[in-house]
Every structure is written in C-alpha cells, then in structure tokens.
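Computation of the quantities below employed the complete heavy-atom set of this structure, encompassing side-chain atoms and omitting hydrogens, waters and symmetry-equivalent molecules. In listed order, ligands and their atoms are each counted from 1. The shown structure was predicted, so the numbers you read here are calculated from the model rather than taken from an experiment.
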Amino acid sequence: MPRILAIETSCDETAVAVVEDRRVLSNMVASQVALHQPYGGVVPEVASRCHLEMVNVCLDRALAESGLDWEAIDGVAATVTPGLVGALLVGVTAAKTLALLREKPFLGVHHLEGHIYASYLSEPQLEPPFLCLLVSGGHTSLIYVKDCGVYETLGSTRDDAAGEAFDKVARLLGLGYPGGPAVDKLAKAGDPAAFVLPEGKVSLPNGGYHPYDMSFSGLKTAVLRLVEKLTATGRDLPIADLAASFQETMARALTRRVVAAALNYGIERIAIGGGVAANSGLRQQLQAAALTHGLQVYFPPLKYCTDNAAMIACAAAAHFQRGDRSELTLGVHSRLPITEVMQLYENSAA
Ligand code: KG4
Ligand code: ZN
C-alpha cells in the first residue's frame with residue numbers, strides 16, 4: 001500500500017495530495033480561476049507565478065492533514081506532462097527537491113493518466129479493462145484502459161476540447177469564464193430541441209466517418225452564426241434555448257462515441273473524467289444510454305473530476321507498486337501521447 005505525496009501544477013490549480021494506494025488521506029487544491037477570470041482564459045505567466053506562491057502552502061497543509069510525517073511517505077510524485085511548461089516546472093522542481101532531501105523515489109506522472117486514475121478514488125474495486133471518456137478544458141479523448149500504463153486512444157477531438165467549446169459558447173452568450181457551469185445552469189431553463197446544430201463528424205479518406213474522433217469547432221461556429229443571425233433581428237437572444245441546444249448536441253456527440261466504442265470492443269465499464277463530467281446533460285444522456293445498452297458508467301465526484309493531486313498520487317501509487325521509478329533528470333513536456341507514458345519510468349519491466 002504505497003503512500004505517495006503528489007504535486008499537480010500543470011494548468012491553473014496548485015494541488016498537493018497524499019494517498020495510500022487508492023485512499024485519499026489529504027487533497028489540497030488552490031484554484032487560480034479568479035485570477036485568470038479578467039483575461040477570459042489561463043495566462044501562463046500568471047499561472048506559474050501563482051503556483052510559486054502557493055506550492056509550499058499546499059505542501060505543508062496536505063502533509064499536515066494526511067496525519068503522516070515524512071517517514072511514512074514512500075514516494076514523491078508530480079505531473080510532468082502535458083501542460084504549461086512554466087507551470088509544470090514549479091511542481092516538478094518542488095517534488096524533485098523533496099525527493100532528494102527526504103531520500104524518497106521520484107515519480108513523474110502523465111496528467112491524463114491521473115484523470116483515468118481519478119475513477120479509482122471513488123470506485124476502489126474498479127479494474128481494467130474499461131473505457132475512459134476524458135472531457136476537460138484542454139483534452140477530449142476516449143481511452144481504452146487495458147492496464148496500468150497500457151492505453152489505447154480510440155478517439156480524440158481534432159480541434160476544440162469539449163470544455164473549451166463550452167467556454168467559447170459561454171462567451172458568445174455573454175456568460176462568464178469558465179463557462180461550462182454557466183451554460184449547464186442556463187440550459188436547464190431552455191429547450192434542447194429549439195435549434196438544430198451540427199454534431200461534428202471527422203471524415204475518413206474512404207468517404208466514411210471516424211467512429212470515435214470528434215470535432216467541435218463546427219458546432220461552436222454554428223452557434224456563432226446563429227447568434228449573429230438572431231442578433232440581427234433586434235430581438236432578445238434566446239440564450240437559454242441556445243445553451244440547451246448546444247449542450248444537448250455536445251452530449252449526444254460524446255455519448256454516441258462512447259456507446260459505439262463500448263459495443264464494438266465489448267467493454268461494459270465506462271469511467272468519465274475531466275471538468276465536463278460535471279455536465280448534467282452529458283450525465284443524463286450517458287446514463288440513459290447505459291441503461292439501454294447494459295453498460296455501467298462511473299462518474300467520480302467533481303472534486304476528483306477537475307484537476308487535483310489525489311488522482312496524480314493514485315496513478316503514481318500504481319506505478320510505484322509495479323516498481324516504476326523516474327530519473328531526477330526527467331524533464332517536463334508540454335505534450336506527450338498517453339500511449340508513451342512508460343517513457344517516464346525506468347525498471348518498468350522489473
Ligand atoms: O478538468 P478541468 O477542471 O480542467 C482542465 O484540465 O481543463 O476542466 C475545466 C473545464 C472548463 O472548460 C469548464 O468550463 C468545464 O470543464 N466544466 C463544465 C462544467 N463544469 C466545468 N462544462 C460543462 N458543464 C459543466 N457543468
Ligand atoms: Zn486536467
């Protein structure tokens with residue numbers, strides 16, 4: 001039962017957590033959302049500086065709340081990829097320094113593997129194989145989870161991430177940043193059938209469509225054109241109907257891919273991760289589809305869906321258990337496909 005302290009600073013949350021295998025002992029998250037709000041998105045330099053200010057505070061509190069001392073910690077982990085390089089460096093440097101000082105193994109973690117492992121925090125009995133639909137502000141992928149470190153990306157977005165599309169549509173409708181929760185709330189008062197919007201399909205050279213890849217820029221542009229057209233009439237924008245129609249279309253596009261993959265690969269369990277997992281429209285459609293097709297869908301609590309360090313520690317604990325360790329010379333990377341995750345470790349065959 002490895003006890004891991006992990007640091008997550010890949011984007012706009014400074015997070016530190018301690019887990020014992022799949023059990024969360026402490027989970028500190030300092031969100032920078034308010035800081036980036038005036039800019040309508042994450043400003044990388046502002047994010048790095050804020051991580052620097054917060055990382056030690058979060059570290060002290062996470063360790064204190066875990067009730068453990070350094071003696072009891074087996075390893076120190078940090079997200080090394082993907083993310084904002086300056087932001088990643090803050091967490092990774094802190095983790096490596098602690099590993100060196102406290103003479104603990106260091107483990108670099110892939111952020112998306114962390115999102116996959118979030119489902120184990122609330123479903124400790126869950127074991128591969130399962131499908132993971134990852135829908136966040138920066139990523140949208142459908143991943144076939146075969147084992148720890150063994151993943152196949154079945155599909156991903158060719159352009160905007162799902163959360164990014166929610167944020168952009170929210171801006172078009174005059175809602176704040178981040179826009180997903182605002183669109184979700186507004187959609188409850190609207191008619192999802194008010195407007196017909198394109199679901200977005202990815203063409204294949206043979207004239208067909210990719211069964212699992214997604215494209216949301218067309219959907220976003222369709223909302224933009226609709227807003228322009230409706231604005232030209234001089235009447236009030238039916239923002240609730242627009243929000244509801246957009247959300248319904250997005251949820252349908254995601255649900256269609258998940259169900260197709262589950263049925264084609266014969267996988268009954270589906271875990272959802274990322275901030276968009278909070279979306280009520282997506283939850284409703286996935287749950288309805290699961291009922292129809294005899295599938296099981298797991299929605300981790302929101303605190304584990306959005307960026308946090310508990311999921312990073314949980315992924316690190318699984319690698320630690322396998323004997324995986326990272327070099328202290330391991331660098332940070334703005335991108336790395338999840339299929340390459342074993343590059344982060346040595347002794348992986350041990
Ligand atoms: O996973 P996350 O916290 O951060 C990233 O790693 O990106 O996801 C944030 C994204 C934002 O785009 C936000 O608008 C979206 O998740 N989001 C939602 C909802 N709550 C958060 N989108 C739709 N409906 C929601 N209820
Ligand atoms: Zn994330």
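- Using a cutoff of 4.0 Å between basic side-chain nitrogens and carboxylate oxygens, Arg22 and Glu127 are scored as salt-bridged.
- For atom 15 (C) of ligand 1, the nearest non-hydrogen atom of the protein is Val276 CG2, 3.9 Å.
- The aromatic ring centroids of Phe130 and Tyr120 lie less than 6.0 Å from each other.
- At distances below 3.5 Å, at least one donor-acceptor pair connects side-chain atoms of Asp159 with backbone N or O atoms of Ser217.
- Between Asp74 and Arg3 there is no salt bridge, since no side-chain nitrogen of the basic residue lies less than 4.0 Å from a carboxylate oxygen of the acidic one.
- Heavy-atom proximity to atom 1 (O) of ligand 1, evaluated over Ser31, Ala165, Gly275, is greatest for Gly275.
- A 4.5 Å side-chain heavy-atom check between Tyr117 and His115 finds every atom pair outside the cut-off.
- Applying the salt bridge (Lys or Arg N to Asp or Glu O under 4.0 Å) test to every pair with at least one member in residues 173-193, sequence neighbours left out, gives these pairs: Asp184-Lys188.
- Closer than 2.8 Å to the Zn ion (ligand 2) sit the protein N, O or S atoms His111 NE2, His115 NE2, Asp307 OD1.
- Those atoms of ligand 1 that come under 4.0 Å of a heavy atom in Gly163, given as number and element, are 12 (O).
- Heavy-atom proximity to atom 11 (C) of ligand 1, evaluated over Leu282, Asp184, Asp167, Thr306, is greatest for Asp167.
- Of the N or O atoms in Gly180, one or more lie within a sub-3.5 Å distance of an N or O in ligand 1.
- No more than 12 heavy atoms of other residues, nucleotides or ligands lie within 6.0 Å of CD in Glu268, so this atom counts as exposed by the packing criterion.
- Paired with Ile73 under the rule side chain to side chain contact (heavy atoms under 4.5 Å, CB included), one option of Ile4, Leu98, Leu63 passes, and it is Leu63.
- Closest to atom 4 (O) of ligand 1 among all protein heavy atoms lies Asp307 OD2, 3.8 Å.
- A salt bridge is defined here as a Lys NZ or Arg NE, NH1 or NH2 lying under 4.0 Å from an Asp or Glu carboxylate O, and Lys220 with Asp160 meets this definition.
- Comparing heavy-atom distances from atom 23 (C) of ligand 1 across Val42, Leu134, Asn279 singles out Asn279 as nearest.
- Around the CG atom of Asp236, the shell of radius 6.0 Å holds no more than 12 heavy atoms that belong to other residues, nucleotides or ligands.
- The closest approach between Cys11 and ligand 1 stays at or above 4.0 Å for every heavy atom of the residue.
- The heavy atom nearest to atom 10 (C) of ligand 1, considering only Ala251, Ser280, Gly137, Gly138, is found in Gly137.
- Interatomic distance, Cys50 SG to His36 NE2, rounded to the nearest 0.5 Å: 6.5 Å.
- With ligand atoms numbered from 1 in the order given, ligand 1 contributes 1 (O) to contacts under 4.0 Å with heavy atoms of Gly274.
- Atoms of ligand 1 found under 4.0 Å from any heavy atom of Ser136, numbered from 1 in the order shown, are 1 (O), 5 (C), 6 (O), 7 (O), 8 (O).
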